[in-house]
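Below is one structure; the comments refer to it alone.
Here the structure is a predicted model, which is why all the values come from computation and not from measurement.
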Amino acid sequence: MDSEVAKKQVQEILDASGDGDARLVPILLAIQAKFGYLPQDAIKQVGEYLKISPGEIYSVASFYAHFKLKPIGKRHITVCRGTACHIRGAPQILEEISKVIGVKEGETSEDMEYTLETVACIGCCALAPALKINEAVHGNVTTRSARTMFTAIKKGEKRG
Amino acid sequence: MADLNLTIDGKQITVKPGSTVLDACKQAGIYIPTLCFHPDLTPYGACRLCIVEIEKMRGLPTACSTPVTEGMIVKTDTDQIKNFRRGVLELILTEHPHPCLTCWRRERCGPYDICLRNVDVTLRCVLCPKNKICELQEVTDFIGIDKVEFPYVYRNIPIDHENTSFERDYNLCIKCGRCIRVCQEIRGAAAIAWTMRGSEALPGTAFGISLKEADCQYCGACVDACPTGALMERDRRWEGEKEKQVLTTCPYCGVGCQLNLAIKDGKIMESVPARENDVNRGQACVKGRFGIKEVVHSPERLTTPLIKRNGKFEKATWDEALSLVSSKLGSYAKDATAVLSSAKTTNEDNYVAQKFTRVVLGNNNIDHCARLCHAPTVTGLAATFGSGAMTNSIREIGNAKCVFAIGTNTSESHPVIALEIKKAVDKGGKLIVGNPRGIRLTNFSDIWLRHAPGSDVPLLLGMCKVIVDEGLEDKEFINSRCENFDDLIGSLKNVKLDEVEKITGVPQETIKKAARMYATNKPATILYTMGITQHTTGTDNVMAIAYLAMLTGNLGKPSSGVNPLRGQNNVQGACDMGALPNVYPAYQSVTDAANKSKFEAAWGVKLSDKTGLTVTEMMDAAHEGKIKAMYIIGENPPISEPDANHAVAALRKLDFLVVQDIFMTETAQEADVVLPATTFAEKVGTFTNTERRVQMVRKAVEAVGESKPDWQITSLLAQKMGVKGFDYQNASEIMTEINQLAPSYGGITHARLETGGLQWPCPNADHPGTPILHTNQFTRGKGRFMPLTYKPPAELPDAAYPLTLTTGRSLYQYHTGTMTRKVKGLNDLLPENLAEINPADAAKLNVQNGEMVKVSSRRGHINAKVKITDVSPVGVVYMNFHFAESAANILTIAAIDPVAKIPEFKVCAIKIEKI
């Protein structure tokens, strides 16, 4: 991305952040919503604006699992490994997806297409085992349906 | 509030209100194990080792964070506490290699012994640089632990060797957070912070970038705070325990930090800032912390006298060298000789040097580098207040409600004073910064006045005008303590804010806001340095500052005042000792007949009543052949003088030059005879810091080679020339003579200084010293206002030389680099001169970052690398003057202030060309 454009976008977020002390986390959330992660330059820019060191911002950002410090793929896949999903086969599903898209858990594919992660619970245990692709929730997944789904996605990606 | 009583383990203790239980235990002599506690930091209560039992309190509170209340009953050694501590420590030890920590043989085990338990080399205490000086060992030994039940996994993080000053080995980190807290709370740098969470948490930089990118200032405060071997000074890593420790005063800047030099085998191992004092309280900067031992023990030190024969230096004996110097110096007419004394040497050295000039050479041609830094402070403040020095003390700055820092890059030049400014801001005080450049202080200032170089008088008068117009002045103070107020009113009539805006480039509204902020937040203190003084209008600038303070009554009260921060470690002392052409010690004028007869009686000779030459005048006189011989002690004019080419030419014109220094400086190379002096670590004496505090310099190591203390060399020379009154046995005897002749030093003896510094005026042996000047009346009686008008700098940019050059000092180097450029760590941090230039100017000149360019003025040219930065305003180029190979002073102009005779280092016109 053009660094000047990114700088302007971050500045817009900063300008809209209002006054007061408890602004850092909302600002970081907004930046992540925009870029998908927290770019190093953006953290520096936030630091200059709020007059706190980038180190302290990084300290906050790296504390929360929600904040991503590296760019994530176009498709952010989160497999639930909560109790219900675990019992109904989440580990096998994770393994299957990993095989199909060729990305290990916690990693991002080199072409920046996929990021594969697990979360403790996505809050739909009735649909266990469940997974999310970006914001879309898929319930009652089986290893077979997962394979079909991701093979299709992969094919579509090739075609597209 | 009354003192509080409590019982600890059955012992009755009385403590001061505000004490914690830990303080009380310490007072009672009871050891409480701690790891996250650090006396300079706010209590953290994280390591849980200092837990105690307190009656009527639930659970086990931590001693470090529990304040004492009346009648508390505390127990520190019950079985419950012991069990709990053991459990906590066991968990802490899962973060740190511990096979040796829990081994009973550790005391007996040497680094080369074979471990019967097959402990890995990386895990062994005996191979850790902190062995025997480790807090974790102390705590483990006290609590007594012989086994850790939990699994331990070595972190296997590569050791960080990035900087040459200290190393970071986070495999040894126990996550006490002291390094992070000292960096954030005290230093305000926050280069390091906690990263990640839970078991992965460790101190580190954002994204793991290097410390340099994280804006680390390498002060080493984290190193001193670390309880384990995780952060260690690099050269000191394998040195082991120290043999002894000597408390002395730092030889770099005017802050006068107290340092503990750790000595082993006759060498300095490290210099650690001392805590128990009112100056630096456990803090130092990179130069004092990491830049001392390499200077003292440098292989380049001068070890024997040298005589130049056929253009080459040859080793000589002291007798030969002194005989030659004495016969030469004695052969010239009285007014044809001159002495440059040094602001780096002790008060005793300076006293002897000025006595030598006046008694042996028979003239007053003595000066030193104060001429090039704070001469306008002396002239300007002497005219308004009656004495030119900091009116208040360093430790008061932290309590100011408003700090106005103008013309000072405090965090670079006086790093430890910058910590006080930060403290004031943390306590809710306001900070106004006046500086053309975007220095570190502007990061946390409330108002930044970015005025054009050389426009200080209009800016300050503009502020005065706003204060008077809006009725914010302290009328009572002006009426009772000052005189000639109408003169200022008269000057202000000619000040128009829109004109001020045009000259300074600062918007009117900002000036108004700053004036209101300064006038309404009391006490307010003004700090200034070279940005104010190094101008042809230096004296006017200083007076304008004094007016601002007098107008608002910010004088004679704690945390207020006008505070010139002195540059060199002993520039205050060198002035006090009379190493100036117009005054005897303690500013007693040489033209005053009473003073002259007093000193004639004391020294037993006839003295000259003619004011001598200043540094700049000496150089001119040498150039014209009026001065034939010079004796230069620890000064380096070819780098420090403005229009440096002229200074070198002047030195070459001399018939005879003798230089006394610790290194073969650029000046020494021009000399006929070079005399080797000792460094501060090899002699006894006193330095007077910027707040007028006289502090001891103690001998830590033996003098290298045949080098001698400066006072001794000068005295031997005087004796050789057959003059009486120079037979001093030690520095203390010289101080006794100073006590008798300098009234403000009357009660300052070495014996009294042993227990801590004393601030002059201290007229007699019972006087406690004076932290605040002008409390009841000004030194001259009443504070005097005088008319002021704006005069532009001597050389403004024009078509041929379109840019303005301003010069200064970096945190990482010191002055002409004689000392700091011998230190590898410092050279790594700032290896070369950079021409800092605004992006707009860089685009116009079509130069890139890091490109070598030719910088020239009407006086000469140098080559330097470009650094493109917003710190420099448009049209202004900044350079440091430390570097001989690219000496910024070749460019600067020798135009001088008519009163103070200070050259205008801060403004000259230059051009930049591509090479």
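Few gaps surround CD on A/Glu107; more than 12 heavy atoms of other groups in view lie less than 6.0 Å from it. Other residues, nucleotides and ligands place no more than 12 heavy atoms under 6.0 Å from the NZ atom of B/Lys844. Other residues, nucleotides and ligands contribute more than 12 heavy atoms inside 6.0 Å of the NZ atom of B/Lys427. Heavy atoms from other residues, nucleotides or ligands lying under 6.0 Å from NE2 of A/His76 number more than 12. Atom NZ of A/Lys51 has more than 12 neighbouring heavy atoms from other residues, nucleotides or ligands inside a 6.0 Å radius. Within a 6.0 Å radius of CZ in A/Arg88, other residues, nucleotides and ligands contribute 12 heavy atoms or fewer.
Taken to the nearest 0.5 Å, the NZ atom of A/Lys44 stands 8.5 Å off from the CD atom of B/Glu213.
Near-neighbour residues of residues 188-211 of chain B relative to chain A, defined by a heavy atom under 4.5 Å from a heavy atom of that chain, comprise B/Ala189, B/Ala190, B/Ala193, B/Trp194, B/Thr195, B/Met196, B/Arg197, B/Thr205, B/Ala206, B/Phe207, B/Ile209. The interface of residues 54-64 of chain A with chain B, defined by heavy-atom distances below 4.5 Å, comprises A/Pro54, A/Gly55, A/Glu56, A/Tyr58, A/Ser59, A/Ser62, A/Phe63. Contacts with chain B (heavy atom to heavy atom, under 4.5 Å) involve no residue of residues 139-151 of chain A.
Note on residues 436-446 of chain B: pairs passing side chain to side chain donor-acceptor pair (under 3.5 Å), not counting sequence neighbours, are B/Asp215-B/Arg440, B/Glu412-B/Arg440, B/Arg437-B/Glu836.
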